[in-house]
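What follows is a set of notes on a single structure, which appears directly below.
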Amino acid sequence: MSEENVNINPWLACLPTMAAAFMFVLDETIANVALPHMAGSFSVSREESMWILTFYLIASGIVIPMVGWFSKVLGRKNFFMFSIILFTIASALCGLSQNLEQMVLARILQGIGGGGLLPISQAILLENFKPEERGKAMAMFGLVIVIAPIIGPVLGGWITENWSWPFIYYINLPIGVIALWLSKVFIYDPPYARKQVGVKTDLFGFFTLSVWLLTLQVVLDKGNNADWFNAPWICWLSALSCITGLAFLISQLKNKEALVDLSVFKDKNFLIGTGVQIVMQMVLLASLAILPQFLQALMGYDAYKSGLSMMPRGVGALTAMIICATLANVIDNRILVMIGLGCIAGGSWMLGDLNLQISTMNIAIPNFLFGIGLGLAMIPIITLSVATIKNEQMTNASGLQNLLKNIGGAFGTSIVATLLSRGAQKHQYMLINHLTDTYQPFVERVQAMAGAFSATVDPHTANYMGQHVVYQLLQQQANLSAFIDAFRIFAVAAAITIPLILLLNNIKKAGG
């Protein structure tokens with residue numbers, strides 16, 4: 001590697017890494033709103049179309065922890081560029097797919113290509129800057145990892161409604177070409193990240209990792225619809241997932257030529273910081289999943305408008321990035337994280353005060369506060385978590401961290417889906433006790449409704465229709481109560497992680 005390449009301005013390395021990471025993170029959420037359109041194009045059910053999302057997450061999840069191994073076999077820059085090429089080509093194949101089978105295969109290839117983009121981008125940025133300067137670099141990187149999943153549903157809804165769903169994949173083509181060229185010019189491999197000779201392959205680790213993540217993702221995606229452990233196949237897959245996950249963990253601890261190096265978890269900052277990020281990822285993805293559902297199912301918003309309602313969260317995150325870039329070297333990063341987690345808790349609790357007569361501002365203000373919290377907490381916690389990690393361990397550490405965040409996000413969306421369905425049933429069971437002939441408000445409401453309907457139908461039918469309308473109102477309130485419970489759980493989850501931040505070493509001490 002020439003000296004000229006080594007001395008390239010580290011800020012220029014932000015360009016290809018941000019472009020590549022943007023593609024990957026955006027594609028985690030941009031396809032969500034287009035699923036009904038894809039299902040119609042492929043003549044499949046909505047349930048079957050969910051495999052388009054599931055297999056992308058499975059494929060990327062398998063690759064993410066293996067980035068360290070791939071970097072040794074191919075060289076990190078070569079693997080990064082190969083990932084961009086594969087992701088870009090797979091994006092084109094997604095747009096050209098004519099049936100579900102072709103789409104799923106293309107999404108698997110896209111996931112394989114995308115799995116290495118985020119951890120390598122994160123590792124390159126962290127390595128290129130001194131510990132005391134990483135805050136500004138990660139603030140730039142945060143524009144991708146925080147804002148991209150927020151704007152994904154908005155962009156996907158707009159493209160789907162104004163053009164057609166294949167263009168949500170075609171937009172990756174120019175970004176991929178630009179990212180590839182920038183990577184060729186501005187990224188270099190330090191000695192420890194170059195291609196190595198005689199790298200051994202941990203086949204057992206690869207097999208157990210693949211089976212573990214495959215079965216885990218299927219269980220988390222389909223478990224709620226299958227009524228969890230009341231379905232025998234969920235029990236069998238869960239058992240297989242636990243066995244292979246345990247086998248993978250043991251093999252990685254005992255094998256000297258392991259697929260991943262778990263010794264980084266001995267670092268206190270990395271262990272605690274990763275745990276906090278897992279909780280934040282659970283809250284982020286779960287809230288992104290259920291807030292549009294609330295707006296569409298109970299408030300009557302269409303897909304584009306519900307996605308647009310998430311934009312204040314992006315504005316808040318962008319504001320927080322500017323604050324982080326300004327204060328990164330001025331204020332203790334732990335304080336920024338604690339303030340951010342407090343804002344996430346506050347925004348979530350405010351969303352827990354919603355009702356069916358809210359205005360747009362009742363959604364915008366909590367979302368803005370939530371976005372402020374994400375921006376203030378996410379970037380400093382990433383920086384703190386790797387403050388004492390050596391550069392030669394950074395690629396492996398970033399891969400493990402992103403794998404666990406992905407798993408945390410999958411758990412978060414699965415748990416919140418169960419909370420909504422079971423919570424609605426619970427609240428309906430509690431409220432239904434009031435719909436009796438001995439409860440005067442119910443009798444009066446039914447009589448009022450029946451009186452309105454009696455002008456067009458007979459009294460018996462009018463009374464039945466009145467009862468039906470009241471029952472629909474009860475179902476709305478039961479669903480609303482389930483959403484409120486979920487948002488308040490988000491608030492509690494964010495709040496209880498705040499004390500953990502005090503256990504972290506300050507980045508200046510770590511870097512000094």
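Computation of the quantities below employed the complete heavy-atom set of this structure, encompassing side-chain atoms and omitting hydrogens, waters and symmetry-equivalent molecules.
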Considering all heavy atoms, the nearest Leu117-Ala20 contact: CD1-O, 3.6 Å
With a 3.5 Å distance limit and no angle check, can you tell me whether Ser241 reaches the backbone of Leu237 through a side-chain donor-acceptor pair? no
Surrounding CZ of Phe206 (heavy atoms of other residues, nucleotides or ligands, distance under 6.0 Å), is the total greater than 12? no
Main-chain N/O of Leu96 paired to Gln98 side chain as donor or acceptor, under 3.5 Å: yes
With a 3.5 Å distance limit and no angle check, can you tell me whether Thr274 reaches the backbone of Leu271 through a side-chain donor-acceptor pair? no
Tell me whether Phe265 at atom CZ has more than 12 heavy atoms from other residues, nucleotides or ligands lying less than 6.0 Å away. yes
Looking at every heavy atom in both Gly408 and Ile278, which two are closest together, and how far apart are they? CA-CG2, 3.9 Å
Full working for side-chain contact (heavy atoms from CB on, under 4.5 Å) between Phe79 and Lys72: CA-CA 9 Å; Phe79 176 55; Lys72 293 177 183 177; over 6 Å; no
Quick one: closest heavy-atom pair of Ala486 and Leu420, and the distance? CB-CD2, 4.3 Å
Pairing residues for Ile498 by the side chain to side chain contact (heavy atoms under 4.5 Å, CB included) criterion, not counting sequence neighbours: Met338, Leu341
Report the C-alpha distance between Ile171 and Leu155 in whole Å, list the side-chain angles of each, state the deciding distance to 0.1 Å, and finish with yes or no for side-chain contact (heavy atoms from CB on, under 4.5 Å). CA-CA 11 Å; Ile171 62 172; Leu155 185 60; 3.9 Å; yes
Side chains of Phe24 and Ser83: closer than 4.5 Å at any heavy-atom pair? no
Do the rings of Phe487 and Phe490 sit parallel, tilted or perpendicular, given the 30° and 60° boundaries? perpendicular
Give a yes or no answer on whether the side chain of Ser121 reaches the backbone of Thr17 with a donor-acceptor pair at less than 3.5 Å. yes
May I have the step-by-step check of side-chain hydrogen bond (donor to acceptor under 3.5 Å, both in side chains) for Ser421 and Asn224, ending in yes or no? CA-CA 8 Å; Ser421 61; Asn224 186 56; 3.2 Å; yes
Taking ring-ring contact (aromatic ring centres under 6.0 Å, His included) as the definition, give me every residue that meets it alongside Phe22, ordered by chain and number, with sequence neighbours left out. none
Flag, side chain of Thr497 to backbone of Ala494, donor-acceptor distance under 3.5 Å: yes
In terms of heavy-atom contacts, Ile389 and Ala397 come closest through CG2-CB, 4.3 Å
Within a strict 4.5 Å, meaning less than it, do heavy atoms of the Lys184 and Pro16 side chains meet? no
Could you tell me if the side chain of Ser183 sits less than 4.5 Å from the side chain of Ile84, heavy atoms only? yes
Spell out, as yes or no, whether a donor-acceptor pair under 3.5 Å connects the side chain of Gln252 to the backbone of Leu259. yes
Taking only residues two or more places apart in sequence or in another chain, which ones pass side chain to side chain contact (heavy atoms under 4.5 Å, CB included) with Ser385? Gln277, Gln401
List in chain and number order the residues that pass side-chain hydrogen bond (donor to acceptor under 3.5 Å, both in side chains) with Asn367, two or more places apart in sequence or in another chain; answer none if no residue qualifies. Arg313
Using the rule side chain to side chain contact (heavy atoms under 4.5 Å, CB included), only one of Leu213, Asp202, Leu209 pairs with Phe248; which is it? Leu209
Could you go step by step and tell me if Thr388 and Phe270 meet the side-chain contact (heavy atoms from CB on, under 4.5 Å) rule? CA-CA 8 Å; Thr388 49; Phe270 184 77; over 6 Å; no
Side chains of Asn78 and Lys195, heavy atoms from C-beta outward: is any pair under 4.5 Å? no
To the closest 0.5 Å, what do you measure between CE (Met350) and CG (Leu369)? 6.5 Å
Close side-chain approach of Ile379 and Leu336, heavy atoms under 4.5 Å: no
So, Asn396 side chain and Asp261 main chain: donor-acceptor pair closer than 3.5 Å or not? yes
In Å and rounded to the nearest 0.5 Å, what is the CG to CD1 distance from Leu220 to Ile407? 9.0 Å
What's the separation between atom CD1 in Ile64 and atom CG in Leu400, rounded to the nearest 0.5 Å? 10.5 Å
List the residues meeting side chain to side chain contact (heavy atoms under 4.5 Å, CB included) with Leu318, not counting sequence neighbours, and say none if there are none. Leu143, Ile147
If I compare all heavy atoms of Asn402 with all of Pro119, which pair ends up nearest, and what's the gap? ND2-CA, 3.7 Å
Under 3.5 Å donor-acceptor, Tyr56 side chain and Gln110 backbone: no
To the nearest 0.5 Å, tell me how far Phe87 CZ sits from Ser60 OG. 9.5 Å
May I ask you to check whether Tyr170 and Phe167 place their ring centers less than 6.0 Å from one another? yes
By ring-ring contact (aromatic ring centres under 6.0 Å, His included), which residues pair with Trp181, not counting sequence neighbours? none
To the nearest 0.5 Å, atom NZ of Lys390 lies from atom CD of Glu127 at 14.0 Å
For residues Arg107 and Asp27, determine if any side-chain heavy atom of one lies less than 4.5 Å from a side-chain heavy atom of the other. yes
Could you tell me which non-hydrogen atom of Ser348 sits nearest to which non-hydrogen atom of Phe370, and how far apart they are? OG-CE1, 3.2 Å
Answer yes or no: is there a side-chain heavy-atom contact under 4.5 Å between Asn172 and Thr88? no
Using 0.5 Å steps for rounding, measure from the CG atom of Leu376 to the CD1 atom of Ile381. 12.5 Å
Show your working on side-chain contact (heavy atoms from CB on, under 4.5 Å) between Gln393 and Ser263 and close with a plain yes or no. CA-CA 10 Å; Gln393 294 179 307; Ser263 64; 4.1 Å; yes
Does any part of the side chain of Leu105, heavy atoms only, come nearer than 4.5 Å to the side chain of Glu101, both counted from C-beta? no
